[in-house]
Amino acid sequence: MSRPVRTRIAPSPTGDPHVGTAYVALFNWALARRLGGSFILRIEDTDRQRSTGASERMILEALRWLDLQWDEGPDRGGPFAPYRQSERTAIYREHAERLVAGGAAYPCFCSRERLDALRAEQKAAKAQLGYDRRCRALAPAEAARRRAAGEEHVIRLAMPVDGETASDDLLRGTITVANSQVDDQVLLKSDGLPTYHLANVVDDHLMEISHVIRAEEWISSLPKHVRLYEAFGWEPPVFCHLPLLRNADRSKISKRKNPVSLEHYRAAGILPEALLNYLALMGWTMPDERDQFSREDFVAAFRLESISLGGPVFDLEKLGWLNGKYLRDLRPEELLARLRGGPLADSYLLTILPLVQERIETLADFVPYAGFFLAGEVSYEAQALPRLAAPGRGPAATAKAVQELLEGHLDPILEWQVAAVEQALTSFMEASGWNAKELFMPLRVALTGRTATPPLYETMAALGKERCRWRLRRAVEVLRAMKA
RNA sequence: GACCCCAUCGUCUAGCCCGGUCUAGGACACUGGCCUUUCACGCCGGCAACGCGGGUUCAAAUCCCGCUGGGGUCACCA
């Protein structure tokens with residue numbers, strides 16, 4: 001109880017910076033600041049297939065934009081460096097061995113094929129899903145021999161077979177789960193890298209994290225984590241599972257139904273302090289119940305224990321209202337500075353200017369011509385609207401195509417450049433049978449609201465991924481509402 | 001399906017722990033009006049909720065149980 005407060009945000013760099021990361025980071029940051037502790041940034045890049053440096057950079061940039069300053073992290077070091085899990089693999093292996101030696105974990109030689117078959121079988125029989133613990137029965141000497149021979153294997157947690165595990169959550173009290181319900185989780189993958197469960201527990205302990213504040217989706221693996229602390233002989237931290245941000249239909253927030261990239265909010269002209277304030281409202285209420293408050297006031301009043309548990313629906317409308325209040329509070333000079341840091345940044349203007357320059361006659365033409373580059377969303381010009389649907393295909397088919405293009409080809413792009421956009425459109429056309437002649441005008445209208453614009457690839461690259469995403473999604477909705 | 005979490009206005013929530021002060025408060029949205037050349041802002045007002053059923057109690061939004069509903073998880077992803 002007397003140990004210093006240390007909290008952390010531990011994002012996985014596998015995509016665009018997520019609003020849920022900001023949400024969890026905010027409460028971790030606030031608790032550390034409130035109690036004079038430290039807030040740590042740790043990168044959980046143990047998924048070799050999906051982790052990228054580009055994603056990590058974007059996440060750091062997004063957290064900086066929100067001004068959630070961390071005291072220790074991969075970019076600035078600290079007493080428990082390194083803070084990137086891919087640089088700590090020896091530590092995890094050593095700890096996994098320790099568990100194996102103590103009998104709390106064991107090598108498993110089962111192939112993926114066998115595991116897949118097992119799962120299919122269990123599913124068909126409507127039985128409980130999970131590993132059948134076949135390799136747990138192996139004699140330690142036999143297992144050691146096969147490992148020494150270089151046979152491919154993973155290390156699994158040997159969960160107690162009976163009894164139950166009680167875990168404490170700060171907000172929910174004691175959560176008790178029968179051990180028979182808990183799977184023998186893989187701790188070390190066959191590539192030698194740890195899974196989340198091992199790496200997370202080991203690092204939280206070694207980095208002396210006092211409060212693990214994370215999303216509700218982790219509750220079901222809590223018993224595994226508690227068991228790991230126990231097996232290592234470590235004192236567990238305080239666990240606190242935050243409610244999940246929700247879509248309007250109350251499912252877990254997702255990019256199909258909501259903008260989830262922090263980059264979207266920046267591109268849409270949301271002020272970082274307004275976004276943070278709004279996020280704080282999701283589960284937290286100021287003692288005087290006011291909706292607008294500075295981060296200083298938030299930190300001063302913050303109590304982790306009084307977070308409410310209902311899954312809050314993320315409401316863009318209320319965020320917009322709050323942002324408006326913040327915007328109106330700015331002095332004109334400050335507003336100007338914000339504009340120059342955002343839509344009117346020199347760097348951005350310089351990328352769109354070459355596209356605009358050859359198409360205007362006077363300086364005065366710039367704003368009307370380039371308006372769609374600066375706006376959050378576009379309105380369709382009257383003569384452009386009918387051309388949102390491809391003539392030979394119709395609105396429904398066009399909607400479907402745009403959606404496929406978006407989800408299958410555009411979404412995966414991490415580094416949004418002209419070449420990447422061109423490649424995505426090309427691959428979509430090859431896969432779908434659409435050609436440029438029929439596809440490009442609908443896209444042009446969807447993205448700009450007009451029929452006459454600079455070249456499509458360059459325009460899309462300049463607009464940025466999030467503006468394109470948002471506008472294409474809206475176009476899909478408009479198309480669906482159109483009569484064939 | 002199994003396990004776990006959750007449950008106050010359409011949405012975010014206060015109240016619940018320590019039952020009466022709750023004819024349930026605030027905010028967004030919607031709506032009526034005022035201000036105003038217009039719009040926006042701002043101001044005043046309105047609409048709107050304790051999921052259901054049992055207990056406990058003189059008294060339940062508040063405590064207990066059940067049901068229903070919603071959500072999450074069930075990967076060599078996090």
Side-chain angles (χ1 to χ4, degrees), chain A residues 10-15 18 20-21 43-51 55 85 108-112 115-116 118-119 122-131 152-156 164-165 167 169 171-200 214-224 241-253 278-292 305-322 324-325 327-329:
Chain A
S12 186
T14 54
H18 199 277
T21 302
I43 297 295
E44 309 220 323
D45 54 348
T46 56
D47 183 340
R48 229 175 215 149
Q49 273 74 45
R50 299 195 307 145
S51 297
S55 173
Q85 292 187 328
C108 169
F109 302 91
C110 292
S111 66
R112 283 165 208 267
L115 262 20
D116 289 344
L118 179 66
R119 196 171 304 119
Q122 290 168 336
K123 231 171 196 166
K126 297 198 170 171
Q128 190 182 319
L129 266 35
Y131 181 55
E152 187 169 289
H153 65 281
V154 301
I155 302 295
R156 282 183 188 273
E164 50 190 28
T165 297
S167 325
D169 178 279
L171 261 14
R172 297 156 211 266
T174 302
I175 298 170
T176 304
V177 178
N179 290 145
S180 60
Q181 294 294 330
V182 184
D183 201 14
D184 276 5
Q185 184 60 234
V186 171
L187 299 177
L188 207 62
K189 301 180 268 191
S190 57
D191 64 3
L193 294 187
T195 58
Y196 169 87
H197 308 280
L198 208 220
N200 194 264
R214 73 224 304 191
E216 188 181 355
E217 57 191 331
W218 292 109
I219 289 182
S220 53
S221 39
L222 224 204
K224 293 168 188 172
H241 293 87
L242 262 20
L244 243 24
L245 261 20
R246 311 288 186 96
N247 297 312
D249 64 5
R250 302 213 165 265
S251 55
K252 174 164 92 164
I253 196 166
Y278 179 70
L279 252 14
L281 255 20
M282 308 273 87
W284 167 259
T285 310
M286 268 302 199
D288 62 6
E289 294 189 52
R290 67 191 201 272
D291 289 290
Q292 188 181 192
E305 305 77 39
S306 44
I307 287 174
S308 62
L309 292 177
V313 172
F314 196 87
D315 180 10
L316 290 171
E317 215 152 7
K318 189 159 181 175
L319 170 61
W321 164 79
L322 231 204
K325 288 187 79 91
L327 204 66
R328 289 188 292 272
D329 284 346

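These numbers were taken from a predicted model, which means no experiment stands behind them. The chains referred to below are lettered A, B, ... by the order of the sequence lines, with proteins before strands, and numbering in each begins at 1.
- Straight-line distance from the NE2 atom of A:His241 to the P atom of B:C5: 12 Å, rounded to whole Å.
- Between A:Thr176 and A:Pro312, the residue anchored nearer the 5' end of RNA chain B, judged by the nucleotide with its closest heavy atom, is A:Thr176.
- When the nucleotides B:A2, B:C77, B:G70 are ranked by their closest atom to the side chain of A:Gln181, B:A2 comes out on top.
- Taking every side-chain heavy atom of A:Glu317 into account, B:A29 is the closest of B:A29, B:U73, B:G26.
- Ring geometry, A:Tyr196 versus A:Trp218: the interplanar angle falls under 30°, so the pair is classed parallel (tilted spans 30 to 60°).
- Partner assigned to B:A29 is none, using Watson-Crick or G-U wobble distances below 3.5 angstrom.
- Between the CG atom of A:Asp288 and the C1' atom of B:G15 there is a distance of 16 Å, rounded to whole Å.
- Taking the P atoms as reference points, B:G53 lies 24 Å from B:C12, given to the whole Å.
- Base pairing analysis places B:G51 opposite B:C67; the two distances defining the Watson-Crick or G-U wobble pair are each below 3.5 Å.
- A:Thr46 comes within 4.0 angstrom of the backbone, heavy atoms only, and of no base.
- When rounded to the nearest whole Å, the span between NZ of A:Lys252 and C1' of B:U73 equals 9 Å.
- The listed nucleotides are B:G72, B:C5, B:C12; the one nearest the side chain of A:Arg250 is B:C12.
- Taking CZ of A:Arg172 as the start and OG of A:Ser167 as the end, the distance is 12.5 Å to the nearest 0.5 Å.
- With rounding to the nearest 0.5 angstrom, the OG1 atom of A:Thr285 is 10.5 Å from the CD1 atom of A:Ile307.
- Side-chain proximity of A:Leu281 to B:C12, B:G42, B:C76: nearest is B:C12.
- As rounded to whole Å, 14 Å separates atom P of B:U11 from atom CG of A:Asn247.
- For the C1' atoms, the distance from B:G10 to B:U57 is 35 Å, rounded to whole Å.
- The distance from atom NZ of A:Lys252 to atom CZ of A:Arg246, rounded to the nearest 0.5 Å, is 10.5 Å.
- In a base pair of the Watson-Crick type (N1 to N3 plus N6-O4 or O6-N4) or a G-U wobble (N1-O2 and O6-N3), with each distance short of 3.5 Å, B:G42 is matched with B:C34.
- Using a 4.0 Å cut-off between a side-chain N of Lys or Arg and a carboxylate O of Asp or Glu, A:Glu152 and A:Arg112 do not qualify as a salt bridge.
- When the P atom is used for both B:U21 and B:A61, the distance is 9 Å, rounded to whole Å.
- The base of B:G25 sits with one of its N or O atoms less than 3.5 Å from a complementary donor or acceptor on the side chain of A:Glu289.
- With distances taken from any side-chain atom of A:Val313 to the nucleotides B:U13, B:A78, B:U11, the minimum falls on B:U11.
- With RNA chain B read from its 5' end, the first of the two nearest nucleotides for A:Thr174 and A:Thr285 is the one closest to A:Thr174.
- Under the Watson-Crick and G-U wobble criteria, each requiring two contacts below 3.5 Å, nucleotide B:G1 is paired to B:C74.
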Between A:Arg214 and A:His241, is a side chain to side chain contact (heavy atoms under 4.5 Å, CB included) present by the stated rule, with each step listed?
CA-CA 5 Å; A:Arg214 73 224 304 191; A:His241 293 87; 3.1 Å; yes
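- In this structure, A:Lys126 reaches neither bases nor backbone, as no heavy-atom distance under 4.0 Å exists between it and the strands shown.
- In this model, a side-chain donor or acceptor of A:Lys318 finds a partner on the base of B:A27 within 3.5 Å.
- Spacing of P atoms, B:C28 relative to B:C65, comes out at 38 Å, to the nearest Å.
- One can place CG of A:Leu245 at 16 Å from P of B:G71, the figure rounded to the nearest angstrom.
- Across B:G25 and B:G45, the matching P atoms stand 14 Å from one another, rounded to whole Å.
- For A:Phe109 and B:C76, the CZ to P distance is 16 Å, given to the nearest whole Å.
- Among B:C77, B:G26, B:G42, the nucleotide with an atom closest to any side-chain atom of A:Lys189 is B:C77.
- Comparing the same atom, P, in B:A24 and in B:A48 gives a spacing of 11 Å after rounding to whole Å.
- Distances from the side chain of A:Leu129 to the nucleotides B:G70, B:A78, B:A75 place B:A75 closest.
- Within the 4.0 angstrom heavy-atom criterion, only backbone atoms of the sugar-phosphate kind lie near A:Gly283; the bases stay farther away.
- Residue-level contact check: A:Trp284 touches neither bases nor backbone, having no heavy atom under 4.0 Å from any strand.
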A:Lys189 vs A:Thr195, side chain to side chain contact (heavy atoms under 4.5 Å, CB included): CA-CA, chis, key distance, verdict: CA-CA 7 Å; A:Lys189 301 180 268 191; A:Thr195 58; 3.8 Å; yes
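- Side-chain N/O atoms of A:Arg50 and base N/O atoms of B:C77 include a donor-acceptor pair closer than 3.5 Å.
- Across the C1' atoms, B:C22 and B:C50 are found 10 Å apart, a figure rounded to whole Å.
- Picking from B:C76, B:A14, B:A75 the nucleotide with the shortest atom distance to the side chain of A:Ser308 gives B:A14.
- Nearest nucleotide to the A:Arg119 side chain, out of B:C6, B:U13, B:C76: B:C76.
- Rounded to whole Å, the P atom of B:A27 lies 29 Å from the corresponding atom of B:G19.
- To the nearest angstrom, P of B:C6 lies 7 Å from CD1 of A:Ile219.
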* Asked: Can you list the steps and then say if A:Asp291 with A:Lys325 is a salt bridge (charged side-chain N to carboxylate O under 4.0 Å, His left out)?
  -> CA-CA 11 Å; A:Asp291 289 290; A:Lys325 288 187 79 91; over 6 Å; no
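- One atom, CD of A:Glu216, and another, P of B:C4, lie 14 Å apart when rounded to the nearest Å.
- When the nucleotides B:C4, B:A78, B:G72 are ranked by their closest atom to the side chain of A:Ser251, B:G72 comes out on top.
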